[in-house]
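I have placed the structure first, in the form of structure tokens, so that the comments after it can refer back to it.
Letters go in sequence order (proteins before strands), and every chain restarts at 1.
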2 protein chains.
Amino acid sequence: MKSEKESKCNVDEYVEVFGSKWNLIIISHLWENTLRYTELQKRMNGINAKTITTHLRKLEEHAIIERKVYAEVPPRVEYSLTERGKALLPVLGAMSEWSKKNPLLKMTDSEANGKTEI
Amino acid sequence: MKSEKESKCNVDEYVEVFGSKWNLIIISHLWENTLRYTELQKRMNGINAKTITTHLRKLEEHAIIERKVYAEVPPRVEYSLTERGKALLPVLGAMSEWSKKNPLLKMTDSEANGKTEI
DNA sequence: CAGGATCCAAGCAGATACTG
DNA sequence: CAGTATCTGCTTGGATCCTG
């Protein structure tokens, strides 16, 4: 809704980056290793091309990930985190910590029907 | 799209909580103090009732915020963070840290047309 | 005051088909 | 292989009206 820097000043800054399901998922997948487009897509449970591309471009704009194109015969494009992106470690780490200590209580749609795995 | 616990195990757990613009904003507003419905709404730049209520309910389900209703003549409802919610401090802190050290580079829709404020 | 109920509009994600 | 283009449908957010 495009709030122009009112209220919480810098909150709306990181909201753009963190306030997105896909962004968080992509970043966590690129955490350990550099991945090719297809490989990343596969790991993300076969998310469709348009969706993943849109978010990859977005993260690229924010200089959080880097896109390297190799001019080879079978085209190869690899995505990896930039330094800026790696600086997110504490954030992802804190999130992971919190979720480990505070497992979700309910399941949004299917009211906690025994889904206590992971 | 309801991915059932594939790929990154615990990632999809916190994505539900953090992967939302409004959740992050609400949490950051309730950070310092308990707020009444109207006050919270006002601080969120006049976000409309339905939207804020939806997210407040969601955060309540996740036991991140608490909703206290005072049976007074002019109804009063106050929202505050629970212990579980306060445990998010490191996460929000890390986000804030990151965004301070890594200011956004561009403006999403309006291609950086001089909007370098904040 | 703090919403619930509706309806509508915009944004997002998915499917499909097509290229360098 | 790694996308782009397009169309469609669900999900969100917003506006408005109404109520305990």
Side-chain angles (χ1 to χ4, degrees), chain A residues 1-4 6-7 12 15-26 29-30 34-62 65-80 107-110, chain B residues 1-4 6-7 11-12 15-26 29-30 34-61 65-80 107-110:
Chain A
M1 40 68 91
K2 209 81 316 222
S3 61
E4 56 268 303
E6 26 67 63
S7 50
D12 41 286
V15 152
E16 265 193 72
V17 179
F18 306 110
S20 157
K21 169 184 170 176
W22 295 123
N23 282 356
L24 292 175
I25 295 180
I26 290 174
H29 275 284
L30 291 178
T34 291
L35 292 177
R36 299 179 58 166
Y37 181 85
T38 307
E39 182 56 23
L40 180 57
Q41 190 180 8
K42 257 200 315 191
R43 298 198 185 192
M44 289 180 70
N45 206 29
I47 174 180
N48 81 87
K50 203 198 65 172
T51 305
I52 196 172
T53 300
T54 304
H55 288 269
L56 284 172
R57 294 283 181 277
K58 206 91 171 114
L59 288 170
E60 220 191 318
E61 286 178 9
H62 284 299
I65 65 172
E66 192 179 8
R67 178 172 177 268
K68 246 179 278 193
V69 184
Y70 295 86
E72 300 177 359
V73 183
R76 183 157 60 105
V77 178
E78 290 185 346
Y79 292 93
S80 57
M107 267 67 213
T108 315
D109 43 351
S110 53
Chain B
M1 38 65 84
K2 213 87 306 236
S3 63
E4 56 268 303
E6 26 66 63
S7 51
V11 170
D12 40 286
V15 152
E16 267 193 70
V17 179
F18 306 110
S20 158
K21 169 183 171 176
W22 295 123
N23 282 356
L24 292 175
I25 295 180
I26 291 175
H29 275 283
L30 291 178
T34 291
L35 291 177
R36 298 180 59 168
Y37 181 85
T38 306
E39 181 56 22
L40 180 57
Q41 190 179 9
K42 257 200 314 195
R43 298 196 185 192
M44 290 180 72
N45 205 29
I47 174 179
N48 79 90
K50 203 198 66 172
T51 304
I52 195 172
T53 301
T54 304
H55 289 267
L56 284 172
R57 293 285 179 277
K58 204 93 172 113
L59 288 170
E60 220 191 318
E61 286 178 9
I65 65 171
E66 192 178 10
R67 179 171 176 268
K68 244 178 280 193
V69 184
Y70 295 86
E72 300 176 2
V73 182
R76 182 158 61 104
V77 177
E78 289 184 348
Y79 292 92
S80 58
M107 264 66 212
T108 315
D109 45 348
S110 52

Under 4.0 Å between any heavy atoms, over every strand shown, what does B:Tyr79 touch: base, sugar-phosphate, or nothing? Just pick one. sugar-phosphate
Would you kindly give the [atom1]-to-[atom2] distance between [X] and [N], to the nearest whole Å?
X       : N      : atom1 : atom2 : result
B:Met44 : C:dG3  : CE    : P     : 14 Å
A:Lys58 : C:dA13 : NZ    : P     : 11 Å
A:Ile47 : C:dA15 : CD1   : P     : 11 Å
B:Tyr37 : D:dG20 : OH    : P     : 17 Å
A:Glu60 : D:dA2  : CD    : C1'   : 13 Å
A:Ile52 : C:dA15 : CD1   : P     : 14 Å
B:Leu56 : C:dG4  : CG    : C1'   : 14 Å
A:Arg36 : D:dG3  : CZ    : P     : 10 Å

Counting only side-chain N and O atoms of [X], is one of them less than 4.0 Å from OP1 or OP2 of [N]?
X       : N      : value
A:Thr38 : D:dA2  : yes
B:Arg67 : C:dA2  : no
B:Thr51 : D:dG14 : yes

Would you call A:Arg43 and A:Glu39 a salt bridge, taking side-chain N to carboxylate O under 4.0 Å as the test? yes
Euclidean distance, [Y] [atom2] relative to [X] [atom1], rounded to 0.5 Å:
X       : Y       : atom1 : atom2 : result
B:Ile26 : B:Leu56 : CD1   : CG    : 4.5 Å
A:Ile52 : A:Met44 : CD1   : CE    : 5.0 Å
A:His55 : A:Glu60 : NE2   : CD    : 14.0 Å
A:His29 : A:Lys42 : NE2   : NZ    : 13.0 Å

If you only use heavy atoms from C-beta on, which nucleotide in C:dA2, D:dA15, D:dG3 is closest to the side chain of A:Val77? D:dG3
Name the closest nucleotide to the B:Ala49 side chain, picking from C:dA2, C:dG3, D:dG3. C:dG3
Reading DNA chain C 5' to 3', how would its secondary structure be written in dot-bracket notation, given Watson-Crick and G-U pairs with both distances under 3.5 Å, brackets [ ] for crossing pairs and | for partners on other strands? ||||||||||||||||||||
Non-hydrogen atoms of A:Arg67 and A:Val77 that approach each other most closely: CG-CG1, 3.7 Å
Let me spell it out: for each of A:Pro74 and B:Lys50, pick the nucleotide of DNA chain D with the closest heavy atom. Which residue's pick is nearer the 5' end? A:Pro74
Could you work out, with side chain to side chain donor-acceptor pair (under 3.5 Å) as the rule, every residue matching A:Thr51, not counting sequence neighbours? A:Asn48
Quick check on DNA chain C: between A:Pro75 and A:His55, whose nearest nucleotide comes earlier from the 5' end? A:His55
